[in-house]
Amino acid sequence: MNTSKTQQALTQQALTQQALSRRALALAAAALCTGLAALPAQAQTAKLKVGLMLPYTGTFAALGTAIENGFRLHVAEQGGKLGGREVEFFKVDDESDPAKATDNVNKLIKRDNVDVLIGTVHSGVAMAMAKAAKDSGTLLIVPNAGADAVTGPMCAQNIFRSSFSNWQPGYAMGDVVAKKGHKKVVTITWKYAAGDESVRGFKEGFEKAGGTVVKELNLPFPNVEFQALLTEIAALKPDAVYTFFAGGGAVKFVKDYAAAGLKKNIPLYGAGFLTDGTLEAQGADADGLFTTLHYADGLGTPRDQAFRKAYAIGYKLQPDVYAVQGYDAAQMLATGLKAVGGDASKKAEFAAALRAAKIDSPRGPFTLSAAHNPVQDIYLRQVKGKENVSAGIASKALSDPARGCRM
Ligand code: PHB
């Protein structure tokens with residue numbers, strides 16, 4: 001579908017939904033008149049209920065919106081249907097709050113009876129979603145959260161990820177930082193699964209290549225009172241700093257790091273979320289930073305260019321890694337559903353199709369591991385102006401070790 005058609009499709013989604021509910025009512029009335037028991041005749045012809053559980057408020061709000069935009073873009077490109085079924089959305093704002101996660105996911109599973117869950121950004125919330133998906137057998141595609149456990153000990157036939165594991169960008173950066181000649185590194189992150197696991201991945205890669213992590217600094221999620229920790233970094237004088245922050249927190253960290261006078265003396269490296277979707281707000285304070293991620297600006301492939309053009313036209317925004325992950329979650333869902341004729345209850349066949357698939361992502365093609373996590377290239381990127389420009393591939397076809405996954 002060309003871009004203007006996609007735009008039309010995006011704006012016509014609401015109208016189509018009204019028309020479809022009228023059609024469903026008409027079908028129901030007809031069936032009542034003729035005394036038919038089951039309708040519409042096949043589950044596959046009913047609407048596909050997609051439950052979006054994403055953050056729409058808080059430090060990750062922009063990330064949730066980008067994921068939804070990406071997902072909707074692919075649906076629109078398919079004429080509003082996946083696996084031959086019209087898509088109907090149900091939405092919950094998870095607020096990136098693990099304490100509310102089980103109640104929130106059950107709204108989608110038990111109240112709305114969704115066929116598939118798409119969510120979320122925050123690793124702690126995603127783990128609660130994975131547990132609920134595993135217990136209920138509902139399909140789940142995680143379009144961001146890197147919690148290693150989701151494709152580790154919690155792995156399951158009905159659970160997939162279109163994004164990354166926290167280990168992946170961290171591990172790749174460990175090698176990069178060692179090869180740049182740094183020996184002693186301090187890490188700083190939020191104290192929760194994503195921060196801990198990103199640092200653990202970095203440490204594994206860095207120490208394997210001969211470096212030492214001399215101190216691990218933390219603060220609670222989503223706090224942004226960095227000053228005392230920045231003072232500690234200045235006193236420790238490491239060769240470099242590795243960090244995991246994202247969203248609003250990443251904007252403030254990069255600005256505070258520069259304002260504290262550290263940027264010119266102690267090079268800052270990070271998992272790519274540090275500078276993705278944040279560059280407008282970070283301005284010159286982000287310039288020159290190196291990060292590792294499974295996406296970069298200016299890849300220049302026809303696939304990526306077409307995606308970026310359609311996204312920019314559809315939303316009047318530049319896409320980022322989150323938009324790509326949302327788009328690919330929809331592509332994965334479409335691939336699985338196509339193999340089962342739209343019948344989301346055929347879990348084994350759905351999973352087999354995805355395990356055999358090559359997903360034609362804007363990031364570059366990727367496959368899924370046996371644990372259902374992307375096996376993908378991790379780019380080294382450098383901030384130049386408003387872009388995370390690729391400086392090559394840091395780790396080719398990197399597969400998460402999937403420790404603890406028994407499927
Ligand atoms: C996570 O909690 O797993 C997470 C959150 C934001 C990111 C990346 C990972 O940008």
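- Every side-chain hydrogen bond (donor to acceptor under 3.5 Å, both in side chains) that D360 has, sequence neighbours left out, goes to R303.
- When only modelled atom types and interatomic distance are considered, D328 and Q325 share no side-chain donor-acceptor pair under 3.5 Å.
- Counting heavy atoms from C-beta outward, K191 and D196 have side chains that approach closer than 4.5 Å.
- Using modelled atom types and a 3.5 Å distance limit, the side chains of T138 and N158 yield no donor-acceptor pair.
- A salt bridge links E204 to R403: at least one charged side-chain nitrogen sits closer than 4.0 Å to a carboxylate oxygen.
- Under the 30°/60° scheme for interplanar angles, the aromatic rings of F221 and F60 are found to be tilted.
- Counting heavy-atom neighbours within 6.0 Å of K91 NZ, excluding the residue itself, gives a total above 12.
- For K255, the NZ atom sits in a packed shell: over 12 heavy atoms of surrounding residues, nucleotides or ligands are nearer than 6.0 Å.
- Using a 4.0 Å cut-off between charged nitrogen and carboxylate oxygen, R308 and D297 count as a salt-bridge pair.
- Ion pair E387/R381 not flagged as a salt bridge, since none of the NZ, NE, NH1 or NH2 atoms sits closer than 4.0 Å to an Asp/Glu carboxylate oxygen.
- Under the 3.5 Å distance criterion, with hydrogens and angles disregarded, a donor-acceptor pair is assigned to the side chains of Y311 and N69.
- For K100 and D94, the salt-bridge test fails: no basic side-chain N is under 4.0 Å from an acidic carboxylate O.
- Between R85 and D115 there is a salt bridge, since a side-chain N of the basic residue sits under 4.0 Å from a carboxylate O of the acidic one.
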